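Here's the structure, in structure tokens; my notes come after.
Here the structure is a predicted model, which means the values were calculated and not measured.
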Amino acid sequence: MPELRKEFNLFTTLTLIVSGMVGSGIFLTPNSAFSEVGSPAMLLLVFGLTGAWSLGGQLCYAELGTLIGQSGAEYSFFKYGFQSGLPAFMYTWVSCLLTRTLTLAILSLTFARYEISAFVPCGMEGWAPKAVAIAMLAFLCVLNSVSVKWVAQSQAALFILKIAALSGIAIMGLVALGQDRQSYLSRGFAGTSSDVGSIGLAFYSAQWSYSGWAEANYVLEELKDPKLLVKSAFIAVPLVMLCYELVLVAYMTILPEAVFQTSKTVAVAAGEVMIGPAARVIFPLVVAMSCLGTGTVSLLTASRIVHEAGKNGDFPHIFSLVHNKLQTPIIAVTAQTALSVIFVVAVDVNTLVTMVGFVSGIIYSTSMLVLLLLRRRQPDAQRGIKVPIFVPVLVLIPSILFTVVPFIRYPLGTSIMAVAMLTSIPAYYVVVSRRFGRMLHPYLDRASAWSSHTACRFLDVG
């Protein structure tokens, strides 16, 4: 069987992580966290602490990745750490059938919304945004299928664009500071909310802006050196933290408090104040391109989870196949794209963002438990880094809160997601462990063998 190419050096690994983190959130809705906390200083503290939590999480993932040495991130962590297929299958079931494809659908629809708004100020309704979103997904599918090197190169270009955009907003903030516009920024912690639930939701919102710090673990076997996980960890998250803090200061310096709290596109609003109507074209395009970059990373990493599951027998064998010439898992890429298209067409995905975060909290918590378990089981095993034991503990506690807070605030949506996770249990015992459903097993085996044979015959995979 052909292997995946090792295309990622330090720079392209950094671009992968930063592109995964910097999506649309920091450009559109950081004000939702401000509305929850009530004060400028508390907003900066929330984003700073969330960045520190993300750095701790990335270092813990670097330890797990260099210990286990397999792509797939949490899928590999759970399978190796628990020495059981069920936790890994549950993760893959929910991640690949729901959360990853849902995230990709959200990104494609956000791309469509802002790509259209840059050229049609009044926007477009109906099927037009969905058609643009599907076109974006088709482009990403082709890009990820044809060449991982092209993906890495595109991320390098979009990385420069994102850093330039964040730097531009930060510079506008410095200019505004020179014009003495810091009216409510100087308020500090005055007005900070005393509602613990609101503070928790602010951290939850900030966590969404930082999500993506684990992306390099999903393509570990395509890194030129696994130790790049460690090196990139000390650069990527601190860089994004610095940019986010400066951008938040810029927003709160340029925009009046009432505008900052109510604007649906804070970057556009800040740009209009500083550079005029041109911002209505420039910043929507920046947001669209940012979503394109994050979507590219999301599809790349989601397909690697499916690929690993196929290799290990948790998913049908066809998903493990790699194109003989292109050396990409084209079937896994296409499957993830097709599911995302279904979400774009059939579901109002924006109502499900909270559910994605709910599952992420469970995944991060379980990953930290795996690290602690392996510290006890294999204390002397070779690792690229060995973080102090308090680091996974400090990552674990907020991860549990990221699970509990959405469940309390949005019980219906998170309950639906919990039920979706539980449906993986009967599927595992029928399809993977074969403890039940013996009558189905011959048909499943034939279907798997036929699909793999057909793919090898017509798609030049192996």
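To the nearest 0.5 angstrom, Ser365 atom OG is 10.0 Å from Ile363 atom CD1. To the nearest 0.5 Å, atom OH of residue Tyr91 and atom OG1 of residue Thr99 are 7.0 Å apart. The line from CG of Leu49 to OG of Ser54 is 10.5 Å long, rounded to the nearest 0.5 Å.
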When you look at Trp213 and Tyr364, which way does the ring-ring contact (aromatic ring centres under 6.0 Å, His included) test go after all the steps?
CA-CA 12 Å; Trp213 46 263; Tyr364 294 145; 5.0 Å; yes
Glu221 vs Lys311, test: salt bridge (Lys or Arg N to Asp or Glu O under 4.0 Å). Steps then yes/no. CA-CA 13 Å; Glu221 293 173 57; Lys311 281 196 333 186; 3.7 Å; yes
Could you give me the CA-CA distance, side-chain angles and deciding distance for Ser147 and Leu326, then say whether side-chain contact (heavy atoms from CB on, under 4.5 Å) is met?
CA-CA 6 Å; Ser147 173; Leu326 302 175; over 6 Å; no
Passes side-chain contact (heavy atoms from CB on, under 4.5 Å), Val286 versus Tyr114? Steps please. CA-CA 9 Å; Val286 167; Tyr114 285 94; over 6 Å; no
| task | Please report the C-alpha distance between Leu374 and Val370 in whole Å, then the side-chain angles of each, then the deciding distance to 0.1 Å, and finally whether the side-chain contact (heavy atoms from CB on, under 4.5 Å) criterion is met. | result | CA-CA 6 Å; Leu374 292 177; Val370 168; 3.9 Å; yes
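Side-chain contact between Trp93 and Thr423 is present, with heavy atoms from C-beta onward closer than 4.5 Å. For the pair Ile116/Pro129, a side-chain contact is recorded, criterion being any heavy-atom separation below 4.5 Å from C-beta on. Two residues are said to be in side-chain contact when any heavy atoms from C-beta on lie closer than 4.5 Å; Lys79 and Glu74 fail this criterion.
The minimum heavy-atom distance between Thr50 and Ala206, with the atom names listed, is OG1-CB, 3.5 Å. For Ser145 against Val333, the heavy-atom pair with the smallest separation is OG-CG1, 3.6 Å. Scanning both residues, Leu107 and Cys291, for their nearest heavy atoms gives O-CB, 3.7 Å. The two atoms that bring Leu158 and Leu292 nearest to each other are CD1-C, 4.4 Å, heavy atoms only.
Taking the ring centre of Tyr218 as origin, the terminal cationic atom of Arg100 falls inside the region bounded by 6.0 Å and 45° from the ring axis.
When only modelled atom types and interatomic distance are considered, Gln155 and Ser19 share a side-chain donor-acceptor pair under 3.5 Å. In this structure, a donor-acceptor pair under 3.5 Å is absent between the side chains of Glu308 and Tyr75. A side-chain donor from one of Ser367 and Tyr61 sits under 3.5 Å from a side-chain acceptor of the other. Defined by atom type and a distance below 3.5 Å, a donor-acceptor pair is present between the side-chain atoms of Lys162 and Thr294. A donor-acceptor pair shorter than 3.5 Å cannot be found between the side chains of Gln336 and Thr101.
A 6.0 Å sphere centred on NZ of Lys386 holds more than 12 heavy atoms belonging to other residues, nucleotides or ligands. Applying the 6.0 Å contact sphere to CZ of Arg377 captures more than 12 heavy atoms from other residues, nucleotides or ligands.
Classification of the Phe89-Tyr428 ring pair by plane angle, with boundaries at 30° and 60°, yields tilted.
For Tyr251 and Phe34, the ring centers are positioned 6.0 Å apart or more.
Remark: the backbone N or O of Gly361 is not paired with any side-chain donor or acceptor of Ser399 at under 3.5 angstrom. For Asn312 (side chain) and Asp314 (main-chain N/O), no donor-acceptor pair under 3.5 Å exists by modelled atom type. Distance alone, capped at 3.5 Å, places no donor-acceptor pair between the Asp225 side chain and the Leu228 backbone.
When the options Tyr244, Phe203, Trp53 are evaluated for a ring-ring contact (aromatic ring centres under 6.0 Å, His included) with Tyr210, the one that passes is Tyr244.
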